[in-house]
**Student:** 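For reference, the structure I am asking about is given below.
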Amino acid sequence: MAEPAKPPAFAPSQLAPSSAPATPRPGVIQLSFKEKGALYAAYISAFGDGGLFLPSTRSDYKLGDDVYLLLTLPDDPARHPVAGKVAWITPPNAPGGRTQGIGVKFAADDKHRQIKHKIEELLGTSISSSKPTQTI
């Protein structure tokens, strides 16, 4: 993973299957946010159903790819399963020193709307802050 200017306070990790299948299957990415500031930097409020930015040096992501997350939020020991799709890709060496990675748009259903609501409750008024983020 390319080192961002300030290391993120969350740790994504790719879980690979024990043997490579003939057709690529999406893996599960564990994403743990320990601090609200890191969650703010990764949350994508521009996606109506919510979404998150995941730093990644993987170059095989394509728009529309399915992504599965096990999401841990600050002050919440639960791991929330999240299904989404790649909705944008920040390539390596992006202008403005942007971190390489993907924007994952949450699925449009009640379960994911609850996760979006939980994230927005955690972020409170900071969600409308003008502080820079890793997102659009």
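For this chain, numbers begin at 1 and follow the sequence in order.
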**Student:** Walk me through whether L39 and L123 qualify under side-chain contact (heavy atoms from CB on, under 4.5 Å).
**Tutor:** CA-CA 8 Å; L39 180 59; L123 295 177; 4.1 Å; yes

**Student:** Just jot down the salt bridge (Lys or Arg N to Asp or Glu O under 4.0 Å) partners of D76, sequence neighbours excluded, or say none.
**Tutor:** K118

**Student:** Test F53 against W88 for side-chain contact (heavy atoms from CB on, under 4.5 Å), laying out the working first.
**Tutor:** CA-CA 9 Å; F53 176 79; W88 108 68; 3.7 Å; yes

**Student:** State the OH-CD1 distance between Y43 and I119, to the nearest 0.5 angstrom.
**Tutor:** 6.0 Å

**Student:** Which residues pass the side-chain hydrogen bond (donor to acceptor under 3.5 Å, both in side chains) test with D75, not counting sequence neighbours?
**Tutor:** none

**Student:** If we ignore hydrogens and angles and just use 3.5 Å, is the side chain of H112 paired with the main-chain N or O of V82 as donor and acceptor?
**Tutor:** no

**Student:** Give the minimum heavy-atom separation between T99 and T90, together with the two atoms involved.
**Tutor:** O-CG2, 3.2 Å

**Student:** Sequence neighbours left out, what passes side chain to side chain contact (heavy atoms under 4.5 Å, CB included) with P81? Give chain and number order.
**Tutor:** L70, K111

**Student:** Just do the side-chain contact (heavy atoms from CB on, under 4.5 Å) check on L52 and L71 with the steps written out, would you?
**Tutor:** CA-CA 10 Å; L52 290 168; L71 177 63; 3.8 Å; yes

**Student:** With a 4.0 Å cut-off, would you call D65 and K62 a salt bridge?
**Tutor:** no

**Student:** With sequence neighbours left out, what residues match K105 under side chain to side chain contact (heavy atoms under 4.5 Å, CB included)?
**Tutor:** F47, D49, A87

**Student:** I'd like to check the salt bridge (Lys or Arg N to Asp or Glu O under 4.0 Å) partners of K116; sequence neighbours left out, ordered by chain and number.
**Tutor:** E120

**Student:** Heavy-atom distance under 4.5 Å between the side chains of V28 and L69, does that happen here?
**Tutor:** no

**Student:** Taking only residues two or more places apart in sequence, or in another chain, which ones meet K85 in a side-chain hydrogen bond (donor to acceptor under 3.5 Å, both in side chains)?
**Tutor:** D66

**Student:** Applying side-chain contact (heavy atoms from CB on, under 4.5 Å) to F33 and T72, what does each step give before you reach the verdict?
**Tutor:** CA-CA 6 Å; F33 292 95; T72 305; over 6 Å; no

**Student:** Sequence neighbours left out, what passes salt bridge (Lys or Arg N to Asp or Glu O under 4.0 Å) with D109? Give chain and number order.
**Tutor:** none

**Student:** Heavy-atom distance under 4.5 Å between the side chains of P74 and K36, does that happen here?
**Tutor:** yes

**Student:** Heavy atoms, side chains only, cut-off 4.5 Å: are Q114 and H80 in contact?
**Tutor:** no

**Student:** If you take all heavy atoms of P92 and Q100, which pair is closest and at what distance?
**Tutor:** CB-OE1, 3.5 Å

**Student:** Could you pull out all residues at least two apart from D60 that satisfy side-chain hydrogen bond (donor to acceptor under 3.5 Å, both in side chains)?
**Tutor:** R58

